[in-house]
Amino acid sequence: MRIEHARMHAKHRGHEAMHAEMVLILIATLVVAQLLLVQWKQRHPRSYNMVTLFQMWVVPLYFTVKLHWWRFLVIWILFSAVTAFVTFRATRKPLVQTTPRLVYKWFLLIYKISYATGIVGYMAVMFTLFGLNLLFKIKPEDAMDFGISLLFYGLYYGVLERDFAEMCADYMASTIGWCSASTSSASAAGALWERSRRVPTAKRK
């Protein structure tokens with residue numbers, strides 16, 4: 001064993017310097033990539049939001065199919081189908097009168113579901129850490145998996161629906177003429193809110 005250990009050290013002699021160089025290259029790459037991403041977001045926020053939204057929406061599909069997470073795949077397909085329809089309606093010109101209400105109701109529903117799912121997942125994780133799962137004769141592994149899964153679903157779909165809602169708000173505000181196509185999501189939402197406040201209550205109903 002000592003001879004084999006000595007041979008291994010002789011074989012890998014000098015690799016420490018190579019490993020240190022690899023770590024430095026990795027850190028430098030991460031720093032440069034972060035700077036480039038920040039500059040991209042500041043200079044071209046619309047393309048940055050579109051690309052990151054598309055990646056966040058599509059990339060998990062690869063891991064879902066590869067790892068056979070069928071439950072996530074079913075929920076992803078249902079969410080994607082309805083969201084694609086709502087987004088399609090929001091990007092039509094001229095804009096149908098009932099489309100803003102449809103967009104608002106759908107994304108508000110997803111927000112409430114994601115919020116509730118995240119809260120339940122967080123409570124399940126905390127109860128497991130305090131050992132309260134033993135009162136219900138639930139294994140810690142099962143309770144922790146349940147809580148982390150709910151936390152993931154709540155965070156993932158919450159962030160995804162927020163980005164889709166901002167994109168739909170941009171398109172609808174641009175179509176109606178309250179904002180230009182290059183206006184930020186916050187400005188578009190603010191314009192929609194200010195315009196809705198000016199509408200009399202009877203007309204809103």
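What you see is a predicted model; the values in this text were computed from it and never measured.
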Nearest heavy atoms of [X] and [Y], plus distance in Å:
X: S114; Y: G158; result: OG-N, 3.5 Å
X: Q55; Y: P60; result: O-CD, 3.9 Å
X: I138; Y: D142; result: CG2-CB, 4.3 Å
X: N133; Y: A143; result: CB-CB, 4.0 Å
X: G121; Y: L151; result: C-CG, 3.9 Å
X: M172; Y: T99; result: SD-CG2, 4.3 Å

Has [X] got more than 12 heavy atoms of other residues, nucleotides or ligands less than 6.0 Å from its [atom1]?
X: F146; atom1: CZ; answer: no
X: M56; atom1: CE; answer: yes
X: M126; atom1: CE; answer: yes
X: Y111; atom1: OH; answer: no
X: F152; atom1: CZ; answer: yes

Atom [atom1] in [X], atom [atom2] in [Y]: separation rounded to 0.5 Å?
X: L37; Y: T52; atom1: CG; atom2: OG1; value: 9.5 Å
X: N49; Y: W40; atom1: CG; atom2: CH2; value: 9.5 Å
X: T29; Y: I27; atom1: OG1; atom2: CD1; value: 10.0 Å
X: E166; Y: C168; atom1: CD; atom2: SG; value: 10.5 Å
X: L67; Y: Y62; atom1: CG; atom2: OH; value: 8.5 Å
X: F130; Y: T128; atom1: CZ; atom2: OG1; value: 11.0 Å

### Task
Decide yes or no on side-chain contact (heavy atoms from CB on, under 4.5 Å) for Y157 and I75, but give the supporting numbers first.
CA-CA 10 Å; Y157 288 105; I75 298 175; 3.5 Å; yes
### Task
Would you sort out whether T83 and F107 count as a side-chain contact (heavy atoms from CB on, under 4.5 Å), showing the intermediate values?
CA-CA 9 Å; T83 303; F107 289 116; 4.3 Å; yes
### Message
Go through it in stages, so that I can follow the logic: the residues are L73 and H68, the test is side-chain contact (heavy atoms from CB on, under 4.5 Å), and I'd like the CA-CA distance, side-chain angles, deciding distance and then a yes or no.
### Response
CA-CA 8 Å; L73 181 61; H68 306 292; over 6 Å; no
Shared hydrophobic cluster for [X] and [Y] (ILVMFWY, side-chain gaps under 4.5 Å):
X: W70; Y: V58; value: yes
X: M167; Y: L108; value: no
X: L155; Y: L150; value: no
X: W106; Y: V96; value: no
X: L109; Y: V103; value: yes

### Task
Any chance you could lay out the side-chain contact (heavy atoms from CB on, under 4.5 Å) test for T64 and W69, step after step, and finish with the verdict?
CA-CA 5 Å; T64 300; W69 292 343; 4.0 Å; yes
### Message
Check the orientation of F164 and W57. Use parallel for under 30°, tilted for 30 to 60°, and perpendicular for over 60°.
### Response
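Perpendicular, since the angle between the ring planes exceeds 60°.
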### Query
Under 30°, 30 to 60°, or over 60°: which ring-plane class applies to Y156 and F72, parallel, tilted or perpendicular?
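Y156 and F72: tilted rings.
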### Backbone N/O of F85 and side chain of R89: donor-acceptor pair under 3.5 Å
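No, because the side chain of R89 does not come within donor-acceptor range (under 3.5 Å) of the backbone of F85.
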### Query
When clusters are formed from ILVMFWY side-chain contacts under 4.5 Å, directly or step by step, what else is grouped with L26?
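Taking Ile, Leu, Val, Met, Phe, Trp and Tyr as members, L26 shares its hydrophobic cluster with L30.
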### Query
What pairs with W76 under side-chain hydrogen bond (donor to acceptor under 3.5 Å, both in side chains), at least two apart in sequence or on another chain?
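Testing W76 for side-chain hydrogen bond (donor to acceptor under 3.5 Å, both in side chains), a comparison that skips the adjacent residues, returns none.
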